[in-house]
Amino acid sequence: MTVVTRFAPSPTGFLHIGGARTALFSWLFARRHGGKFLLRIEDTDRARSTEAAVAAILDGLSWLGLHWDGEAVSQFARRERHAEVANAMLAAGQAYHCYCSPEELTALREAQKAAGQPTRYDGRWRDRPASEAPAGVKPVVRMKAPQEGETVIEDRVQGSVRVRNDQLDDMILLRADGTPTYMLSVVVDDHDMGVTHIIRGDDHLTNAFRQAQIYKAMGWTIPEFAHIPLIHGPDGAKLSKRHGALGAEAYRDLGYLPEALRNYLLRLSWAHGDDEIISDAQAIEWFGLEGIGRSAARFDFAKLDSLNAHYLRQADDARLAELIRPHLEKTAGRVLTPAELDLLTRAMPGLKMRAKTVVELAASAGFYVATRPLALEAKAAALLDDAARQRLAGLAALLERQETWTAPEIEAAARGFAEEAGCKLGQVAQPLRAALTGSTVSPPIFEVAELLGKTEALLRVRGL
Ligand code: GLU
């Protein structure tokens, strides 16, 4: 059997973090088994579905590197097929027309409430002949659901879950206007798409019972279900924006790398021993539904930060230079030159060791492409008193005569100068840092000087 999974978002908003994790698990499971990962846009709610949301979801998935197989399927476009299945169920006696008016249903509900009973449709049209149909009323199509026994789902995460069939009423499959309901559409689509494993949030667990009944009525194979626990905030409460309930693009804007987010989301409710850092290749090799925990996962930005720092250190330097580019261009209000991008790439090994996010990385790299005179941070300005400026002028004169310009040579010159002047190396190096970077923290300063180049470095020292 070829494994087929799917991700089935409703395009009513961005690709939120819970959806991203569902997509990741479905993607990994398919890749693990050499199967297919399909994408279906559940756009039947025409009032709430937007093109912008579809675009945001596709964009979010692509950014996360969760590439789906084939074309994305529109659920709305398949509505005639959904209706066809409802009609087949009618023809097979698995469904029936119900002519209840909204008023009648309201009255039924009120009576049930008053009697302290659960409110559900009582099946009054289940066995009534069509000859009794009131004139001019368009019926809905309801499923003739089993009334005895129970429906059991062997969920791959939740275990065996069951409901008594008398707890479920005859659900509507087609509305009076002929449009299919969500419950029907999902089942028909999953069946037609050949989905073998449905991995989704456990907020859909109760839907699975009704969906299983439709599969049975049609004589279709019920897919494997894996309902994964939702993501909560660090305090155990429902995930709020502050806790990370953001769209995928928000994580990109906050400076997270897609591979870090993948690793983080994977670890959020799935474990492989004590492994924290898990590459894509390992994830694909190891991932299985049995590793998914049953309790709600807790979102934790600190953990995501530390994973992101790890992946930043691993990332290709030119890629990181490209990633910080828009941030720097925004701050500078101009386009960076190819030479500046090259400088940033060469400077990256020293920069990426210290950053947790792309945003931090950009902030720490800004001085490389800053224009003179550099804006000095308060601490840096305080450091550059008269004595420090005098030492820098002396150092500059010495460095001017330097023929080759490498970090060890610049450092040797600074050491020689400090010795001559009877001061500590730090008393020369710190002012130099302030002059070259505008800050009191930076990558090793002699490396910075080398990377800036002799001309620029000396201009920065002299331009104070
Ligand atoms: N469209 C549903 C949602 O976005 C998912 C349905 C499913 O996975 O079966 O929550």
Side-chain angles (χ1 to χ4, degrees), residues 3-30 36-61 64 66 68-69 72-79 81-82 85 151 153 155-158 161 171 173 179-215 218 220-231 238-239 245-248 265 269 289 292 296-297:
V3 164
V4 179
T5 64
R6 52 49 160 195
F7 178 50
S10 306
T12 53
F14 46 59
L15 171 66
H16 60 86
I17 200 71
R21 186 193 49 162
T22 300
L24 172 70
F25 283 10
S26 301
W27 176 82
L28 274 175
F29 192 73
K36 282 194 173 13
F37 167 62
L38 308 179
L39 176 62
R40 179 173 72 238
I41 303 294
E42 302 211 313
D43 50 358
T44 47
D45 183 342
R46 302 312 285 167
R48 293 178 62 225
S49 301
T50 67
E51 276 308 311
V54 174
I57 290 168
L58 300 188
D59 192 40
L61 287 173
L64 259 176
L66 304 180
W68 56 96
D69 296 304
V73 171
S74 155
Q75 187 160 67
F76 179 67
R78 291 178 38 80
R79 59 197 181 283
R81 166 67 182 149
H82 305 148
V85 171
T151 298
I153 305 275
D155 191 271
R156 297 283 293 270
V157 175
Q158 309 290 333
V161 280
M171 76 188 108
L173 301 172
T179 56
T181 55
Y182 168 72
M183 210 62 89
L184 173 68
S185 307
V186 169
V187 172
V188 177
D189 287 347
D190 280 333
H191 172 74
D192 288 359
M193 290 162 78
V195 172
T196 60
H197 292 76
I198 293 179
I199 302 169
R200 63 186 174 195
D202 65 12
D203 49 336
H204 287 284
L205 182 60
T206 51
N207 289 343
F209 295 120
R210 291 182 179 282
Q211 292 168 359
Q213 292 185 339
I214 301 178
Y215 280 98
M218 288 302 292
W220 292 341
T221 309
I222 302 179
E224 297 279 334
F225 286 106
H227 287 94
I228 57 181
L230 299 182
I231 303 177
K238 199 169 170 280
L239 203 62
L246 308 165
L265 288 176
S269 23
L289 302 174
I292 300 176

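Fair warning: this is a prediction, and the values are worked out from it, not measured in the lab. Computed over heavy atoms, backbone and side chain alike; hydrogens, waters and symmetry mates excluded. Here, residue 1 is the first one in the sequence, and each next residue gets the next number. Counting starts at 1 for both ligands and their atoms, following the listed order.
Between F14 and H16, the ring planes are perpendicular. Angles over 60° get that label, and only those under 30° would be called parallel. Using a 30° and 60° split on the angle between ring planes, Y215 and W220 fall in the perpendicular class, above 60°.
Regarding atom 5 (C) of ligand 1, its nearest protein heavy-atom neighbour is A8 O, 3.2 Å. Closest to atom 10 (O) of ligand 1, if we only count protein heavy atoms, is H204 NE2, 2.9 Å.
Using a 4.0 Å cut-off to heavy atoms of R200, the atoms of ligand 1 that qualify are 7 (C), 8 (O), 9 (O). Listed by number with element, the atoms of ligand 1 under 4.0 Å from a non-hydrogen atom of Y182 are 1 (N), 2 (C), 5 (C), 6 (C), 7 (C), 9 (O). Contact atoms of ligand 1 toward E42: 1 (N), 2 (C), 5 (C), 6 (C) (distance under 4.0 Å to a heavy atom of the residue). The ligand atoms of ligand 1 that sit less than 4.0 angstrom from a heavy atom of R6 are 7 (C), 8 (O), 9 (O). Counting the atoms of ligand 1 from 1 in the order shown, those under 4.0 Å from a heavy atom of S10 are 1 (N), 2 (C), 3 (C), 4 (O).
Here the straight-line distance linking atom NE2 of H204 with atom CD1 of I198 works out to 10.5 Å at 0.5 Å rounding. Taken to the nearest 0.5 Å, the CD1 atom of I222 stands 14.0 Å off from the OG1 atom of T196. Distance check, rounded to the nearest 0.5 Å: CZ of F7 to CZ of R21 gives 11.0 Å.
When non-hydrogen atoms are compared, ligand 1 lies under 4.0 Å from neither the backbone nor the side chain of F7. Within the 4.0 Å heavy-atom criterion, the part of P9 lying near ligand 1 is the backbone and not the side chain.
The pair D189-R6 fails the salt-bridge criterion, with no side-chain N (NZ, NE, NH1 or NH2) lying under 4.0 Å from an Asp/Glu carboxylate O.
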Side-chain donor-acceptor pairs of residues 46-58 under 3.5 Å, sequence neighbours excluded:
from: R46; atom 1: NH1; to: D43; atom 2: O; distance (Å): 2.7
from: S49; atom 1: OG; to: D45; atom 2: O; distance (Å): 2.8
from: T50; atom 1: OG1; to: A53; atom 2: N; distance (Å): 3.0

